[in-house]
Amino acid sequence: GEGGFSRRGRVWLRMAECCVNVYLQQRRREQQQRGGNNPEFQVVGGNFIPPRIILRPSSSSTSSTKPNASPPATLQTSPLTLALSHLRTAFRLSILSNDTETISLTRLNLSYVLLEMGDTRTAQQLAMIVLKEDHTEDNIVTRKKKVTARLYAVEALAREGQGETAMALFRGADVEGGGGGELGNVSVLLN
């Protein structure tokens with residue numbers, strides 16, 4: 001192939017997805033160690049919070065409210081940090097090769113990673129770019145990508161305290177040209 005295996009954006013995207021999966025496994029394991037699958041929860045703030053972040057451990061769980069005291073070497077090699085590095089490489093290589101699908105998927109994955117790392121503004125901007133993309137094909141993959149982008153943008157807006165805008169976007173409103181109605185008949189179940 002052209003340029004070798006390590007020069008393909010899609011390869012770096014897949015490595016980043018593996019890092020995200022490792023992160024999610026670690027998070028599940030930590031949750032189970034803190035008290036199983038059913039810890040005590042409380043609703044966060046008065047703003048609309050999307051389903052993925054609607055609940056947080058209560059204040060009695062001090063481990064979740066303390067900043068990470070790990071040494072810098074651990075932080076540099078954390079799964080999310082590695083994912084971020086791989087996604088940046090994927091984005092750069094995909095732009096060079098004009099691989100628009102990988103660029104789009106990389107933006108979506110970057111949005112998730114940045115949400116997890118607390119950079120809500122950039123995460124929301126990337127999700128909105130994916131929503132604004134001109135997709136000539138209307139298929140399940142395109143719809144799933146747009147729904148995911150919309151939910152990431154909603155979560156970012158909610159975390160920034162823009163509850164009304166988040167709720168309008170969640171319901172399918174066209175926010176700054178971001179497209180509307182991708183959620184269609186999707187139902188969101190809240191516990």
Side-chain angles (χ1 to χ4, degrees), residues 12-35 39-92 103-132 145-170 175-176 178 188 190-191:
W12 289 94
L13 173 63
R14 296 301 177 226
M15 287 192 297
E17 289 172 341
C18 291
C19 292
V20 169
N21 282 323
V22 168
Y23 166 75
L24 292 172
Q25 289 171 3
Q26 287 177 349
R27 214 169 77 176
R28 273 187 232 115
R29 198 172 324 129
E30 288 171 5
Q31 180 184 8
Q32 290 172 345
Q33 289 172 352
R34 282 194 309 262
E40 182 182 339
F41 287 103
Q42 64 184 18
V43 174
V44 177
N47 293 322
F48 168 76
I49 306 293
R52 192 167 68 78
I53 63 163
I54 196 162
L55 302 174
R56 291 277 190 233
S58 70
S59 58
S60 64
S61 175
T62 57
S63 64
S64 64
T65 58
K66 289 184 180 177
N68 189 345
S70 301
T74 303
L75 290 175
Q76 291 174 353
T77 57
S78 73
L80 278 184
T81 305
L82 287 173
L84 183 61
S85 174
H86 294 337
L87 288 168
R88 287 177 174 160
T89 301
F91 192 73
R92 182 177 47 82
I103 291 169
S104 179
L105 291 170
T106 301
R107 282 183 178 132
L108 194 59
N109 280 276
L110 274 168
S111 183
Y112 173 79
V113 168
L114 292 171
L115 274 172
E116 290 297 311
M117 296 178 103
D119 186 354
T120 55
R121 186 165 312 275
T122 307
Q124 187 248 339
Q125 290 169 347
L126 288 166
M128 293 303 288
I129 289 170
V130 173
L131 277 175
K132 294 175 188 178
K145 184 170 55 172
K146 291 193 93 161
V147 166
T148 303
R150 182 174 291 274
L151 290 174
Y152 290 168
V154 166
E155 180 172 339
L157 287 165
R159 286 188 187 185
E160 291 176 2
Q162 299 180 40
E164 289 181 23
T165 306
M167 192 59 161
L169 183 60
F170 180 75
V175 177
E176 297 179 0
V188 179
L190 302 177
N191 294 342

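Position 1 is the first residue of the sequence, and the numbers go up from there. Values below: every heavy atom of this structure, side chains too, minus hydrogens, waters and symmetry copies.
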Point-to-point distance, once rounded to the nearest 0.5 Å, from [atom1] of [X] to [atom2] of [Y]:
{"X": "Arg29", "Y": "Gln26", "atom1": "CZ", "atom2": "CD", "answer": "6.0 Å"}
{"X": "Leu105", "Y": "Glu17", "atom1": "CG", "atom2": "CD", "answer": "7.5 Å"}
{"X": "Arg88", "Y": "Leu110", "atom1": "CZ", "atom2": "CG", "answer": "8.0 Å"}
{"X": "Asn109", "Y": "Ser104", "atom1": "CG", "atom2": "OG", "answer": "10.0 Å"}
{"X": "Leu87", "Y": "Met15", "atom1": "CG", "atom2": "CE", "answer": "10.0 Å"}

Would you say [X]'s side chain and [Y]'s backbone share a donor-acceptor pair under 3.5 angstrom?
{"X": "Arg150", "Y": "Leu131", "result": "no"}
{"X": "Arg107", "Y": "Ala149", "result": "no"}
{"X": "Thr89", "Y": "Ser85", "result": "yes"}

> Would one find more than 12 heavy atoms of other residues, nucleotides or ligands at under 6.0 Å from atom CZ of Arg14?
Replying inline: yes
Does any non-hydrogen side-chain atom of [Y] lie less than 4.5 Å from one of [X]?
{"X": "Phe91", "Y": "Ile103", "value": "yes"}
{"X": "Leu80", "Y": "Leu84", "value": "no"}
{"X": "Leu114", "Y": "Arg121", "value": "no"}
{"X": "Leu126", "Y": "Val130", "value": "no"}
{"X": "Glu30", "Y": "Arg34", "value": "yes"}

> How close do Ala153 and Gln124 get, heavy atom to heavy atom, and via which atoms?
Replying inline: O-CG, 3.9 Å
> If every non-hydrogen atom of Leu157 is compared with every non-hydrogen atom of Ala166, which pair is closest and at what distance?
Replying inline: CB-CB, 3.8 Å
>> side-chain contact (heavy atoms from CB on, under 4.5 Å), that's the test. Do Arg27 and Glu116 meet it? Break it down for me.
In response: CA-CA 11 Å; Arg27 214 169 77 176; Glu116 290 297 311; 2.7 Å; yes
>> For a side-chain contact (heavy atoms from CB on, under 4.5 Å) check, start with the C-alpha distance between Met117 and Thr81, then their side-chain angles and the critical distance, and finish with the verdict.
In response: CA-CA 9 Å; Met117 296 178 103; Thr81 305; 4.0 Å; yes
>> Tell me whether the rings of Tyr112 and Tyr152 are parallel (<30°), tilted (30 to 60°) or perpendicular (>60°).
In response: tilted
> Are Leu115 and Thr120 close enough, and set up right, to give a side-chain contact (heavy atoms from CB on, under 4.5 Å), and what steps lead you there?
Replying inline: CA-CA 5 Å; Leu115 274 172; Thr120 55; 4.2 Å; yes
